[in-house]
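Below is one structure, written out as structure tokens; the observations come after it.
Each chain gets a letter, A, B and so on, in the order its sequence line appears, and its residues count up from 1. The shown structure was predicted, so the numbers you read here are calculated from the model rather than taken from an experiment.
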2 protein chains.
Amino acid sequence: MKIDPRNPADLSAQIASAIRDAIVGGRLIVDQRLPSEAELAEQFEVSRPTVREALKRLAAQSLIRTQRGATGGAFVNRLSFPEAYYQQITTSTLLLSMNAVSFETACEARYALERACAPLSAERRTADHLATMRAEIHRQAQPGLTDEAFCASDVAFHRALVDGAGNPVLSYQLAGAVEAMQPLMNMITFTARDRARIVALHQEIADAAEAQDGAAVTAGLSALEVETQELAQSVFAARAARLDAKARLGS
Amino acid sequence: MKIDPRNPADLSAQIASAIRDAIVGGRLIVDQRLPSEAELAEQFEVSRPTVREALKRLAAQSLIRTQRGATGGAFVNRLSFPEAYYQQITTSTLLLSMNAVSFETACEARYALERACAPLSAERRTADHLATMRAEIHRQAQPGLTDEAFCASDVAFHRALVDGAGNPVLSYQLAGAVEAMQPLMNMITFTARDRARIVALHQEIADAAEAQDGAAVTAGLSALEVETQELAQSVFAARAARLDAKARLGS
DNA sequence: GGACTTTAATTGTCTGACATTAAATTCACA
DNA sequence: TGTGAATTTAATGTCAGACAATTAAAGTCC
């Protein structure tokens, strides 16, 4: 792990990479303390600020945590599920917002992934998961609800459905799909959305989950996908029509 | 974006967070240049090393890239799909290796996610995807293949199946599931694995994909999951038996 | 023996400097 | 006047040394 070729480019990135490899490769284990910054500087034959930049890179990926004081230092961090969720959501959000992904593609991926959880969730959902879903449906039916609150409740509903599968790895993988698509779908469809229709579909899904009918849950999700795609298409069509009218007015 | 409370803790983390929020919130757009390190230091009223630590944190998340020279600086980076893949795989690998996730849970999640792609892939796979799958199957049947090469080929086969869905968002989400589970499953089952059985199942899946039969692809994946789970159970049982024998020997 | 003080180790931050890079500019020369 | 080489300039990359802040452990006093 010591070696650092005389490659003059980006020493801090090289050092970060060397330490990351040691962690991923198991040569540094969870909660193990790294050498102090001064020792690392000596080992790699660089200055302390350079070592610090490398450590900050690792900290940004939640690979290490630092602690001040006499027995402080940098420690290999156990990547917790909440941290992994957060990273997953951030990455997914950026990927979608920066890469001109079509609504259709994103929506298709989202529902395909959620349907993957449907059979498991129908089989294993606890009373608690059902109660959460029912509560969110009830909230969504409130007339005074803001658009933001409705969307947050929508996310919470789907989250409960996904968590119902009782598989934390699956929940982690779905975090991006469920929570990163939300701003995207919300911004596009909230003007045209028929809340009653969505609440009815949610009701259908919750009923199917209660009856432990996986096929029905899957069907409900598919219906929700169709609804969302049609909504988006109508919004896009209306938008195009407006642009077209404006163009004709201008000519 | 300027504000930095007099909170004395972790200035570089606060600055990184402020800039990250500006990027995620769209106030800084792709390829836009950030102020120079000296200007940022002045704005945030900190020293340049502190600013640099903040920028390295963002660079570690591929949120910015830096360029040296007269017109250089830090630029908001377009998060590319390959970068997102890499982060996804790293995060998934660490999450699994550090959190005592059972084989059963990981395997279940992996196949549930892959089944989510099956109907789409059966419908849309190109001749190219089919050719890749066939080629990998052929390679897997070679007698002299090392275990590592067999596993790499296994990953390539599943990757082709997933990419066949023609949905880059789905491919990104599956990167962790397909590529992070590989070392895990490999290390456990490679001793007991019957390659011929796996090749036969792969053949079944490829045939189903060629016939555009989504249900058959799904069934093939489920069969592969059952095979893998049974294999793992037999390995664990054998391991437990060995331990038990050793314990009795010792007493 | 317990509460308090001191000490030492470590990270966090700052200052100032120099090295390196690459684009823009200037200038000599054809 | 046009072109290519040399210079300038602005930025990041790196370094050295220092001090502040924090925290646990060792030491000390009652």
Side-chain angles (χ1 to χ4, degrees), chain A residues 2-20 22-23 28 31-78, chain B residues 2-20 22-23 28 30-77:
Chain A
K2 314 281 158 46
I3 301 305
D4 220 12
R6 285 301 140 260
N7 192 339
D10 251 334
L11 290 178
S12 74
Q14 288 180 44
I15 293 168
S17 187
I19 299 175
R20 177 165 40 242
I23 294 174
L28 290 171
D31 292 333
Q32 185 173 341
R33 181 178 177 280
L34 272 65
S36 72
E37 295 176 354
E39 286 168 332
L40 286 171
E42 198 175 352
Q43 276 186 32
F44 287 110
E45 299 181 358
V46 297
S47 67
R48 217 186 117 209
T50 301
V51 166
R52 282 183 62 79
E53 287 179 8
L55 294 179
K56 294 311 170 195
R57 296 178 112 110
L58 299 173
Q61 300 181 301
S62 301
L63 281 170
I64 61 169
R65 61 176 188 280
T66 56
Q67 196 178 332
R68 291 174 74 166
T71 59
F75 297 83
V76 178
N77 190 43
R78 158 166 278 124
Chain B
K2 316 279 159 45
I3 302 306
D4 220 10
R6 286 299 139 261
N7 192 338
D10 248 337
L11 290 179
S12 75
Q14 288 180 44
I15 293 169
S17 187
I19 298 176
R20 178 166 35 242
I23 294 174
L28 290 170
V30 165
D31 292 334
Q32 186 173 341
R33 184 180 175 281
L34 273 65
S36 73
E37 295 176 353
E39 285 169 333
L40 286 171
E42 198 175 351
Q43 278 185 33
F44 287 110
E45 299 180 359
V46 297
S47 67
R48 196 160 80 96
T50 302
V51 167
R52 280 182 63 78
E53 287 179 7
L55 293 180
K56 294 311 169 198
R57 295 179 114 111
L58 298 174
Q61 298 181 301
S62 301
L63 281 170
I64 62 170
R65 62 177 186 280
T66 56
Q67 196 178 333
R68 293 175 72 165
T71 58
F75 297 82
V76 177
N77 190 43

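- Atoms CD and OG, from A:Q43 and A:S36 in turn, are 9.0 Å apart once rounded to the nearest 0.5 Å.
- Remark: A:E42 CD is loosely packed, at most 12 non-hydrogen atoms of other residues, nucleotides or ligands lying under 6.0 Å away.
- For B:T50, no side-chain nitrogen or oxygen approaches OP1 or OP2 of C:dG12 to under 4.0 Å.
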Set out, line by line, the N/O atom pairs under 3.5 Å between protein and nucleotides 5-12 of chain D.
unit_1, atom_1, unit_2, atom_2, d
D:dT12, OP1, B:E37, N, 3.3
D:dT12, OP2, B:E37, N, 3.1

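- Residues B:R65 and B:D31 are in side-chain contact: their nearest non-hydrogen atoms beyond the backbone lie under 4.5 Å apart.
- Contacts between residues 57-65 of chain B and DNA chain C, defined by a heavy-atom separation below 4.0 Å, involve no residue at all.
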All N/O pairs under 3.5 Å across the protein-nucleotides 25-27 of chain C interface:
none

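- If you take CD of B:E45 and C1' of C:dT13, they are 15 Å apart, rounded to a whole angstrom.
- Remark: C1' of C:dG12 and CD of A:E53 are 14 Å apart, rounded to the nearest angstrom.
- Residues B:A60 and A:A60 share a closest heavy-atom pair of CB-CB, 4.1 Å.
- Whole-Å rounding puts the A:L40 CG to D:dC15 P distance at 14 Å.
- One finds the CG atom of B:L63 at 10.5 Å from the CG atom of B:L28 (value rounded to the nearest 0.5 Å).
- Closest approach of A:N77 to A:S62, counting heavy atoms only: ND2-O, 3.2 Å.
- Between A:R57 atom CZ and A:D10 atom CG the span is 5.5 Å, to the nearest 0.5 Å.
- In this structure, the CD atom of A:E42 is 15 Å from the C1' atom of D:dA16, given to the nearest Å.
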Stepwise side chain to side chain contact (heavy atoms under 4.5 Å, CB included) test for B:I64 and B:R33: CA-CA 9 Å; B:I64 62 170; B:R33 184 180 175 281; over 6 Å; no
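- Inter-residue side-chain proximity for B:I15 and B:L40 is flagged as unmet; no heavy-atom pair is nearer than 4.5 Å.
- Taken from CD1 in B:I19 to CG in B:L58, the straight-line distance is 5.5 Å, to the nearest 0.5 Å.
- The only member of B:R68, B:K56, B:R48 that meets salt bridge (Lys or Arg N to Asp or Glu O under 4.0 Å) when paired with B:E37 is B:R48.
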